[in-house]
S.K.: 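This is the structure, below, for whatever I ask next.
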Number of protein chains: 2
Amino acid sequence: MSVPLHFAVKTRLVGLLEELGEGAALPPERTLAKEFGVSRWTMRQAIRELIADGRLRARQGQGTFVATPKLIQPLALVSYTEALRAQGQKPGRELVAFEEIEADELLSEQLGIAVGDPVHRLERVLLADGQPIGLETTYMSVARFPTLRDVLKPEGSLYRCLTDELGVRFGEGEELVETVIATPREADLLKATQSLPMLLLHRTSRDTDGRPIEAVRSLYRGDRVGFRATLRP
Amino acid sequence: MSVPLHFAVKTRLVGLLEELGEGAALPPERTLAKEFGVSRWTMRQAIRELIADGRLRARQGQGTFVATPKLIQPLALVSYTEALRAQGQKPGRELVAFEEIEADELLSEQLGIAVGDPVHRLERVLLADGQPIGLETTYMSVARFPTLRDVLKPEGSLYRCLTDELGVRFGEGEELVETVIATPREADLLKATQSLPMLLLHRTSRDTDGRPIEAVRSLYRGDRVGFRATLRP
DNA sequence: AAGTGGTCTAGACCACTCC
DNA sequence: GAGTGGTCTAGACCACTTG
């Protein structure tokens, strides 16, 4: 065999997906495996890849369904709320944690403070039309933003809060993008299948005076989200 | 069991990796599985995730090794050659195909030409220190760049050729980023493990007059490469 | 020839959802 | 309870690299 069997199965499945519409249910894995004459493992490998590609969605106890196309988010210093509305999606957030921690070496460098200084740690699940698409963890200096806990509504826009209430003016920022496999905790919070590739973004942003504002770690579901950047020469 | 067994194994393996240095060989899968008291499948699942995370590299017939950190490439309209040199890596390219095709609907729209018009299709493997890290497919209008085949050296920089020899001045561009699973053909060209997550970039760029220059599909090894973007408000 | 990772099978049990 | 996807086992054979 020249190509792996599970890839041939994947190719045949793509044809099946396109016949069925978006949202349609696939036959059960065991049935498909029998029909295709392969083991359940091989069938699952093919399905697993189609899930990672964003073509299928699996729900335990329910079945496997043809997925809707990925959302495209802007890679820019803009509000998540506005970006989602621009795509006709209803934005939402779920608070996971809002606590105070001590800066480690990396955070102290990113935020321009000393090791051990107090840091806000805000962890929220990002929702699009009620579906989790990302897990965002924001770190900000408590010394610089002492009133953050009082003025930020946990489900509200952090960017709007910073610009409107705290008078912050965003300057330049830097974003790193890579793929990783989510931990079980992260996959659970995102209601995503385990061991599937995610997009990990690391952002640091500064105000117009060059002072650090925030360090953000955002984990987005690789099967549901892509990003768009505008390039300048 | 609260977390999957393969995740507990993964966590223990991370500790082992850190004891061994970069480039060190791991014990064989079968040995590790026996030592950890798990099946080979479970061990492979853990190893597979560490490979996707860029922590391990597997070479068939040789063994599994602790990987070097990911390369960070700029997400900008800059030469691949210069970007790699800036990181102390030796850039290289391997020609896979350089042919003329007819524009389909998508290409005609991206390149501002009619469906069926001739299009250059240039497919090259991008190398860093001799290792494949990406597969780049560039589409350009033959009518606009009729001499491209004559002036471009297959292993040379396309950007340098365009700017220096053909007088092209790059204006704005747009880049889309997402994760996908490579096809077996793509994985082979990248000498990568099958079924591992990749970073897929789609770029369209225009000159300073707003005329389309190129449409590019770049598939980068998700285990070896990350990207950095500069954000402006 | 031996040893490595890569693919595949058959089958078991668990976790979850719906009836 | 029945049916679904999720995890895990034991074992087989293939493909590749090295001695």
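In what follows, every chain begins at residue 1, and chains take the letters A, B, ... in the order their sequences are listed.
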S.K.: Would you mind reading off the distance between B:L56 atom CG and C:dT4 atom P, rounded to a whole angstrom?
M.R.: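 These atoms are roughly 16 Å apart.
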
S.K.: Just the rounded figure in Å: distance from C1' of D:dC13 to CG of A:L5.
M.R.: 14 Å

S.K.: Does the ring center of A:Y159 lie less than 6.0 Å from the ring center of A:Y80?
M.R.: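 No, the ring of A:Y159 stays outside the 6.0 Å limit from the ring of A:Y80, centre to centre.
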
S.K.: Hey, is B:E186 close enough to B:R217 for a salt bridge, meaning N to O under 4.0 Å?
M.R.: yes

S.K.: Mind listing the residues from residues 179-197 of chain A sitting with a heavy atom below 4.0 Å of DNA chain C? Number order is fine.
M.R.: none

S.K.: Under 4.0 Å, heavy atom to any atom of DNA chain C: which of residues 46-54 of chain A qualify?
M.R.: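 Heavy-atom contacts with DNA chain C come from no residue of residues 46-54 of chain A; none.
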
S.K.: Listed by chain and number, what are the side-chain contact (heavy atoms from CB on, under 4.5 Å) partners of A:F65, not counting sequence neighbours?
M.R.: A:A25, A:R59, A:Q62

S.K.: Is it the case that over 12 heavy atoms from other parts of the model lie below 6.0 angstrom from the CZ atom of A:R149?
M.R.: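 Above 12, so yes.
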
S.K.: Do the side chain of B:D104 and the main chain of B:L106 share a donor and acceptor less than 3.5 angstrom apart?
M.R.: yes

S.K.: Can you list the steps and then say if A:S205 with A:E214 is a side-chain hydrogen bond (donor to acceptor under 3.5 Å, both in side chains)?
M.R.: CA-CA 6 Å; A:S205 55; A:E214 52 166 13; 2.9 Å; yes

S.K.: Using every non-hydrogen atom in the two residues, find where B:Q194 and B:P184 come nearest and quote the distance to one decimal.
M.R.: OE1-CA, 3.3 Å

S.K.: How do A:F7 and B:Q62 order along DNA chain C: which one's closest nucleotide is nearer the 5' end?
M.R.: B:Q62

S.K.: Rounded to whole Å, please give me the gap between NE2 in B:H6 and P in D:dT7.
M.R.: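 After rounding, the reported distance stands at 5 Å.
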
S.K.: Could you give the distance from OG (A:S218) to CZ (A:F227), rounded to the nearest 0.5 Å?
M.R.: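 Those atoms lie 7.5 Å apart.
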
S.K.: Taking only Lys NZ, Arg NE, NH1 and NH2, and the carboxylate oxygens of Asp or Glu, determine whether B:K70 and A:E178 approach each other closer than 4.0 Å.
M.R.: yes

S.K.: Out of D:dG5, C:dG6, D:dC8, which nucleotide sits closest to the side chain of B:Q60?
M.R.: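 Minimum distance to the B:Q60 side chain belongs to C:dG6.
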
S.K.: Kindly write out the residues that satisfy side-chain contact (heavy atoms from CB on, under 4.5 Å) with B:E100, not counting sequence neighbours, or none if the list is empty.
M.R.: B:P118, B:V142

S.K.: Give the residues of residues 26-45 of chain B touching DNA chain D, defined as any heavy atom closer than 4.0 Å, sorted by residue number.
M.R.: B:R30, B:V38, B:S39, B:R40, B:W41, B:T42

S.K.: Test: salt bridge (charged side-chain N to carboxylate O under 4.0 Å, His left out). Region: residues 32-41 of chain B. Which pairs qualify, not counting sequence neighbours?
M.R.: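 For residues 32-41 of chain B, and leaving out neighbouring residues, the salt bridge (charged side-chain N to carboxylate O under 4.0 Å, His left out) pairs sorted by first residue read B:E29-B:R40.
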
